[in-house]
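Got a structure for you, written out below as C-alpha cells; questions coming shortly.
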Amino acid sequence: MTGMRNNGPIALAFNALVIGFMLAPLLVVCVVAFTPHNTLTIPTTEFSLRWFRAVFAHSDFVSSFWNSLRLALCSATLATVLAVPAAIAITRHRFPGRDFLNALFLSPLIIPHLVLGVAMLRMFALVGGTGSFGWLVLAHTVIVTPYTLRLVLAALVGFDRSAEQAALSLGASQATMFRRITLPMILPGVTGGWMLGFINSFDEVTMSIFVTAPSTVTLPVRMYMYATESIDPLMAAVSALMIAVTAAAMLLLDRVYGLDRVLVGRA
C-alpha cells in the first residue's frame with residue numbers, strides 16, 4: 001500500500017490500463033461462457049449455465065480433467081521429492097559439478113517446450129514408453145521441477161542452522177533432525193513449490209501434445225483438439241472453469257506462501 005501511495009496519478013492510471021488489458025480477455029471468456037446461444041456471443045438479456053452443464057455431460061472432457069488432475073498431483077509430488085534433496089545439496093555443500101547440477105535442474109525454464117516435446121516423443125519411442133501414463137508423469141516432472149526447486153532454494157537461502165546444530169549436539173540423527181527441524185522450517189517453500197508445480201503441470205499443453213496417447217489426453221490438449229474442430233461456447237465454459245481452478249490454486253498459494261515471495265522474492 002505504501003508503494004501505491006507513492007505512485008503518481010499517471011503511474012496509477014498506466015498500471016490500471018495494463019492490468020485491464022491483461023484481464024479483459026479472461027473476463028470476456030468468462031462472460032461468453034454464460035451465453036444461452038449456440039455461437040460465441042456475449043449475453044445481454046439473459047444468462048445460462050447451459051454450456052457448463054454440457055461440459056460435465058461431455059465424457060471426453062471429464063476423463064481428460066481427471067487425467068490432468070492425476071498427472072499434476074503425481075508430477076508435482078515427484079518434482080518436490082527431487083527438489084528438496086537437490087536444493088539442500090546445492091545450498092549447503094561445495095562439490096565438483098555443483099553449478100552444473102543447478103543449471104541442469106533449471107534448464108527446462110529456458111528450453112522451449114516444443115523442443116522438449118519433440119525430444120520426449122523421440123525418447124519414448126526408443127524405450128517403448130509411448131502412451132504410458134508413467135512416462136507422461138516423468139515428462140511433466142522434468143518441466144515443473146525448476147519451479148519447485150527455485151522456491152525450495154529460496155527457503156534454504158539464509159536458513160539459520162543453529163536449531164539443527166542444537167538437535168545434533170543433543171544426539172538427534174540426521175533423519176530426525178531433517179524430519180523435526182529442517183522440514184518444518186522450510187515447509188512454506190516446499191508447499192509453495194509443490195503448488196506452483198501442480199499449476200504448471202495442469203496447464204501444460206505444448207509438450208503434452210507430443211507425448212499423450214488417446215487414453216492419457218489431458219484437459220488442455222483436449223481443449224486444443226476440440227478448438228480445431230468447433231467454435232461453440234463449450235470451449236468458453238471449459239476455459240472459465242480452468243480459470244476458476246487456477247485462480248483458486250493461486251489464492252491458496254498466496255495464503256500458504258505469499259505470491260509476493262513467489263513472484264518477486266520478497267521476504
Side-chain angles (χ1 to χ4, degrees), residues 61-90 101-125 127-155 183 186-225 238 241-243 245-250 252-253 256-257 262:
F61 279 106
V62 174
S63 62
S64 296
F65 168 79
W66 289 116
N67 284 339
S68 289
L69 184 62
R70 290 192 302 129
L71 178 60
L73 288 171
C74 294
S75 59
T77 301
L78 183 56
T80 303
V81 170
L82 294 174
V84 171
I88 293 176
I90 291 172
L101 180 64
N102 186 34
L104 178 65
F105 273 108
L106 298 180
S107 61
L109 290 174
I110 60 175
I111 301 176
H113 287 191
L114 178 64
V115 176
L116 286 174
V118 174
M120 291 290 182
L121 176 62
R122 179 58 178 166
M123 185 187 74
F124 291 171
V127 300
T130 304
S132 170
F133 183 79
W135 285 100
L136 183 59
V137 170
L138 179 62
H140 273 238
T141 300
V142 170
I143 63 174
V144 304
T145 296
Y147 300 98
T148 304
L149 179 63
R150 291 185 67 180
L151 289 191
V152 179
L153 285 172
L183 185 58
I186 65 172
L187 190 59
V190 174
T191 304
W194 183 91
M195 295 187 65
L196 201 59
F198 176 90
I199 293 172
N200 279 276
S201 176
F202 192 89
D203 289 341
E204 169 60 31
V205 59
T206 305
M207 187 197 68
S208 298
I209 292 176
F210 293 92
V211 295
T212 55
S215 60
T216 59
V217 172
T218 61
L219 184 58
V221 174
R222 181 71 65 186
M223 293 173 63
Y224 174 81
M225 295 166 58
V238 177
L241 290 173
M242 287 195 66
I243 291 172
V245 170
T246 304
M250 294 298 292
L252 183 60
L253 177 62
V256 172
Y257 193 71
V262 174

**Asked** Side-chain contact, heavy-atom cut-off 4.5 Å: His113 with Val115?
**Response** no
**Asked** Does CZ belonging to Phe210 count more than 12 external heavy atoms closer than 6.0 Å?
**Response** yes
**Item:** Side chain to side chain, Met223 and Ser64, heavy atoms closer than 4.5 Å
**Value:**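 Result no, sub-4.5 Å side-chain heavy-atom pair not found.
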**Prompt:** Any side-chain heavy atom of Phe198 sitting closer than 4.5 Å to one from Val144?
**Reply:**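 Not in contact.
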**Asked** Which heavy atom in Val137 sits nearest to a heavy atom in Leu78, and how many Å separate them?
**Response**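 Taking every non-hydrogen atom into account, CG1-CD2, 4.5 Å.
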**Request:** Nearest 0.5 Å please: distance from the CZ atom of Arg70 over to the OG1 atom of Thr218.
**Result:**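 Answer for the CZ-OG1 pair, Arg70 versus Thr218, is 12.0 Å.
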**Message:** If I compare all heavy atoms of Gly117 with all of Met207, which pair ends up nearest, and what's the gap?
**Reply:** CA-CG, 3.4 Å
**Message:** Against Ser201, only a single residue in Ser68, Ser75, Ser208 fulfils side-chain hydrogen bond (donor to acceptor under 3.5 Å, both in side chains); can you say which?
**Reply:** Ser75
**Message:** In the structure I gave you, are the side-chain heavy atoms of Trp135 and Met120 within less than 4.5 Å of one another anywhere?
**Reply:** no
**Request:** Kindly compute the distance separating CD1 (Ile199) from OH (Tyr147), expressed to the nearest 0.5 Å.
**Result:** 11.5 Å
**Complete:** When every non-hydrogen atom of Ala87 is compared with those of Val152, the smallest separation belongs to CB-CG1, 3.5 Å
**Asked** Going from CD1 on Ile88 to CG on Leu153, what distance comes out if it is rounded to the nearest 0.5 angstrom?
**Response** 10.5 Å
**Asked** Can you name the closest pair of heavy atoms from Val211 and Leu136 and give their distance?
**Response**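 For Val211 versus Leu136, the nearest heavy atoms are CG2-CD1, 3.4 Å.
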**Prompt:** Rounded to the nearest 0.5 Å, how far does CG of Leu116 lie from CD of Glu204?
**Reply:** 8.5 Å
**Request:** Provide the closest heavy-atom pair for Phe105 versus Pro146 in the form atom of the first, atom of the second, distance.
**Result:**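 Closest approach of Phe105 to Pro146, heavy atoms only: O-CG, 3.1 Å.
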**Fill in**
CG (Asp203) and CD1 (Ile243) are apart, to the nearest 0.5 Å, by 10.0 Å
**Heavy-atom side-chain contact between Val221 and Tyr224 under 4.5 Å** = no
**Request:** Answer yes or no: does atom CZ of Arg150 have more than 12 heavy-atom neighbours from other residues, nucleotides or ligands under 6.0 Å?
**Result:** no
**Message:** Just verifying a value: how many Å separate Leu106 CG and Ile90 CD1, rounded to the nearest 0.5 Å?
**Reply:** 7.0 Å
**Prompt:** Would you call Asn200 and Ile143 a side-chain contact if the rule is heavy atoms closer than 4.5 Å?
**Reply:** no
**Request:** In sequence, state the C-alpha distance, the side-chain angles, and the governing distance for Leu69 and Trp66, and then conclude on side chain to side chain contact (heavy atoms under 4.5 Å, CB included).
**Result:** CA-CA 5 Å; Leu69 184 62; Trp66 289 116; 3.4 Å; yes
**Asked** Does a side-chain heavy-atom distance below 4.5 Å link Arg222 with Val238?
**Response** no
**Asked** Do you know which two heavy atoms are closest between Thr80 and Ala76, and how far apart they sit?
**Response** OG1-O, 2.8 Å
**Prompt:** Does a donor on one side chain and an acceptor on the other come within less than 3.5 Å for Thr148 and Trp194?
**Reply:**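 Judged by distance alone, the side chains do not pair up.
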